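Note on naming: letters A, B, ... go to the chains in the order of the sequence lines (proteins, then strands), and numbering restarts at 1 for each one. Predicted, not measured: the structure shown is a model, and the values here were computed from it.
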2 protein chains.
Amino acid sequence: MKTQSSIRRMTRQRRLLLDTLDRKNWHPTADEVYRIVKMKAPRVSLGTVYRNLDILSKEGVITKIEEAGSQRRYDGNPRPHYHVHCLKCGAIADMPDEAARWLNIPKMELPDFKITGHRLIFEGYCAHCQDKEEMDGKGN
Amino acid sequence: MKTQSSIRRMTRQRRLLLDTLDRKNWHPTADEVYRIVKMKAPRVSLGTVYRNLDILSKEGVITKIEEAGSQRRYDGNPRPHYHVHCLKCGAIADMPDEAARWLNIPKMELPDFKITGHRLIFEGYCAHCQDKEEMDGKGN
DNA sequence: GTAAATGCAAAAACTTTGCAAATTC
DNA sequence: GAATTTGCAAAGTTTTTGCATTTAC
């Protein structure tokens with residue numbers, strides 16, 4: 001069902017980009033990926049990074065995360081899983097499978113909408129931002 | 001717990017903006033709100049619309065929807081509810097309470113993350129885009 | 001009268017794209 | 001060798017911001 005046609009050539013840049021994303025619980029923005037790939041391929045361009053992130057997520061090799069606020073993030077893990085999202089700094093983390101496996105979201109039916117899946121995002125504050133809260137007195 | 005300090009004055013623009021959002025199952029982008037407010041207040045600026053959407057959502061009077069892909073949407077209904085999201089056109093619709101009320105997402109605990117809530121988005125295709133699919137042969 | 005809010009315009013932030021040159025298979 | 005991919009730079013989109021002026025209370 002999934003077109004596997006776009007990945008034709010494993011360029012150095014593509015390889016580095018995939019390596020970058022191949023890390024647990026890591027959900028970088030395009031710019032973060034760019035900066036890391038750049039260390040080994042200094043002349044890489046942001047455009048190339050965006051193009052590859054787009055191609056790879058269309059292929060289903062990686063996942064594009066749209067729920068993180070204004071800036072898009074990417075996830076090297078294409079298999080369905082849930083995320084937690086820090087409301088203060090925007091960070092995304094994986095919800096451990098063990099914690100969420102038993103969640104059983106039922107199949108929903110709607111008259112005018114064909115539902116094909118769902119996303120569940122837990123919100124709150126990461127360790128780092130919790131600490132800051134204590135000093136700030138609840139900044140917004 | 002919620003600072004109620006920013007809404008100091010009910011300006012004409014603010015009133016019109018709130019009226020615009022006061023409609024069921026309507027999740028406009030800032031630009032859509034702008035165009036509508038503009039009909040009655042032709043000199044309103046997009047900046048004002050953005051500023052008000054921001055203030056009002058911080059007040060908890062409306063909701064900022066971050067899950068709709070690249071463009072942010074807003075919801076006049078501040079009470080927690082679930083959304084459905086069209087993968088083709090980006091539209092957002094409300095999941096009817098009756099359909100989702102019995103969903104019982106348990107309280108989650110994580111070691112390094114303080115979870116305060118969750119968002120659940122059902123994905124699929126709206127009536128309009130389902131029709132288009134049939135003609136297109138599964139566009140992307 | 002005064003603080004808050006607006007309009008305008010410029011800038012910031014993020015993402016996409018055209019095209020000639022380079023690279024992969 | 002041919003088609004894909006890249007780098008570069010320019011442009012597109014969405015959102016934010018500074019500041020003088022206007023407005024609500």
Side-chain angles (χ1 to χ4, degrees), chain A residues 3-20 27-59 61-74 89-92 140, chain B residues 3-20 27-59 61-74 89-92 140:
Chain A
T3 321
Q4 203 65 26
S5 54
S6 305
I7 303 185
R8 296 277 167 66
R9 296 178 186 182
M10 186 49 67
T11 60
R12 175 166 161 66
Q13 293 85 336
R14 195 113 84 196
R15 169 86 272 139
L16 287 167
L17 187 151
L18 282 166
D19 287 352
T20 297
H27 308 83
T29 61
D31 192 63
E32 287 169 336
V33 173
Y34 170 62
R35 284 206 288 265
I36 290 178
V37 170
K38 214 174 173 179
M39 291 177 185
K40 296 208 175 164
R43 317 205 42 182
V44 73
S45 75
L46 233 198
T48 293
V49 169
Y50 271 108
R51 267 185 297 231
N52 276 310
L53 289 170
D54 199 46
I55 290 169
L56 292 166
S57 63
K58 283 204 174 107
E59 295 297 319
V61 177
I62 65 174
T63 306
K64 197 182 273 197
I65 305 178
E66 309 270 21
E67 56 251 30
S70 48
Q71 202 167 2
R72 210 165 269 156
R73 288 176 178 275
Y74 298 85
C89 71
I92 294 279
N140 193 16
Chain B
T3 321
Q4 203 65 28
S5 54
S6 306
I7 302 186
R8 296 277 167 64
R9 296 179 185 181
M10 187 50 67
T11 60
R12 176 167 162 65
Q13 293 87 334
R14 195 113 83 197
R15 170 87 272 139
L16 287 168
L17 186 151
L18 281 166
D19 286 351
T20 297
H27 308 81
T29 62
D31 192 63
E32 286 169 337
V33 173
Y34 170 61
R35 284 206 289 264
I36 290 179
V37 170
K38 212 174 174 180
M39 290 174 186
K40 296 208 175 162
R43 318 204 42 182
V44 73
S45 74
L46 233 198
T48 294
V49 169
Y50 270 108
R51 267 185 296 233
N52 275 311
L53 289 170
D54 199 47
I55 289 169
L56 292 166
S57 63
K58 283 205 174 105
E59 296 297 321
V61 177
I62 66 175
T63 305
K64 198 181 273 198
I65 306 178
E66 308 271 18
E67 56 249 30
S70 49
Q71 202 167 1
R72 209 166 270 153
R73 289 177 177 275
Y74 298 85
C89 70
I92 294 280
N140 191 20

Looking at A:Arg73 and A:Glu66, does any basic side-chain N land under 4.0 Å from a carboxylate oxygen?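 Answer for the salt bridge query: no.
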A:Asp19 with A:Lys40: basic N within carboxylate O range, under 4.0 Å: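 No salt bridge links A:Asp19 with A:Lys40.
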Mind checking B:Asn52 for me? I need base, sugar-phosphate or nothing, with any heavy atom below 4.0 Å counting as a touch.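 The answer is sugar-phosphate, as B:Asn52 gets under 4.0 Å only of primed atoms, P, OP1 or OP2.
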Within less than 4.0 Å of OP1 or OP2 of [N], is there a side-chain N or O belonging to [X]?
| X | N | value |
| --- | --- | --- |
| B:Tyr50 | D:dT16 | no |
| B:Arg43 | D:dT22 | no |
| A:Thr48 | D:dG7 | yes |
| B:Thr11 | C:dT6 | yes |
| B:Gln13 | C:dG7 | yes |
| B:Arg72 | D:dT16 | yes |

If I take atom [atom1] in residue [X] and atom [atom2] in nucleotide [N], what distance separates them, rounded to the nearest angstrom?
| X | N | atom1 | atom2 | answer |
| --- | --- | --- | --- | --- |
| B:Asp54 | D:dT16 | CG | P | 6 Å |
| A:Ile55 | D:dT5 | CD1 | C1' | 8 Å |
| A:Lys64 | C:dT15 | NZ | C1' | 10 Å |
| B:Leu16 | C:dA5 | CG | P | 16 Å |
| B:Arg35 | D:dT14 | CZ | C1' | 13 Å |
| B:Leu46 | D:dT17 | CG | P | 15 Å |
| B:Lys58 | C:dA5 | NZ | P | 13 Å |
| B:Arg73 | D:dT13 | CZ | P | 16 Å |

When you compare the side chain of [Y] with that of [X], does any pair of heavy atoms fall below 4.5 Å?
| X | Y | value |
| --- | --- | --- |
| A:Gln13 | A:Val49 | no |
| A:Leu16 | A:Met39 | no |
| B:Ile65 | B:Arg72 | no |

Taking the side chain of B:Arg9 as heavy atoms from C-beta outward, which of D:dC25, C:dT15, D:dA3 is closest to it?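 The listed nucleotide nearest to B:Arg9's side chain is D:dC25.
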On the side chain of B:Arg14, is there an atom forming a donor-acceptor pair with the base of C:dA5 - under 3.5 Å, no angle test?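 When only heavy-atom distances are counted, B:Arg14 does not reach the base of C:dA5 through any donor-acceptor pair under 3.5 Å.
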Taking N and O atoms by type only, does the side chain of B:Arg51 place a donor or acceptor under 3.5 Å from a partner on the base of C:dA5?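 In this structure, the two groups form no donor-acceptor pair.
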Taking the nucleotide of DNA chain D with the nearest heavy atom to each, does A:Ser45 or B:Ala30 sit closer to the 5' end?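 Its nearest nucleotide lies further toward 5', so the answer is A:Ser45.
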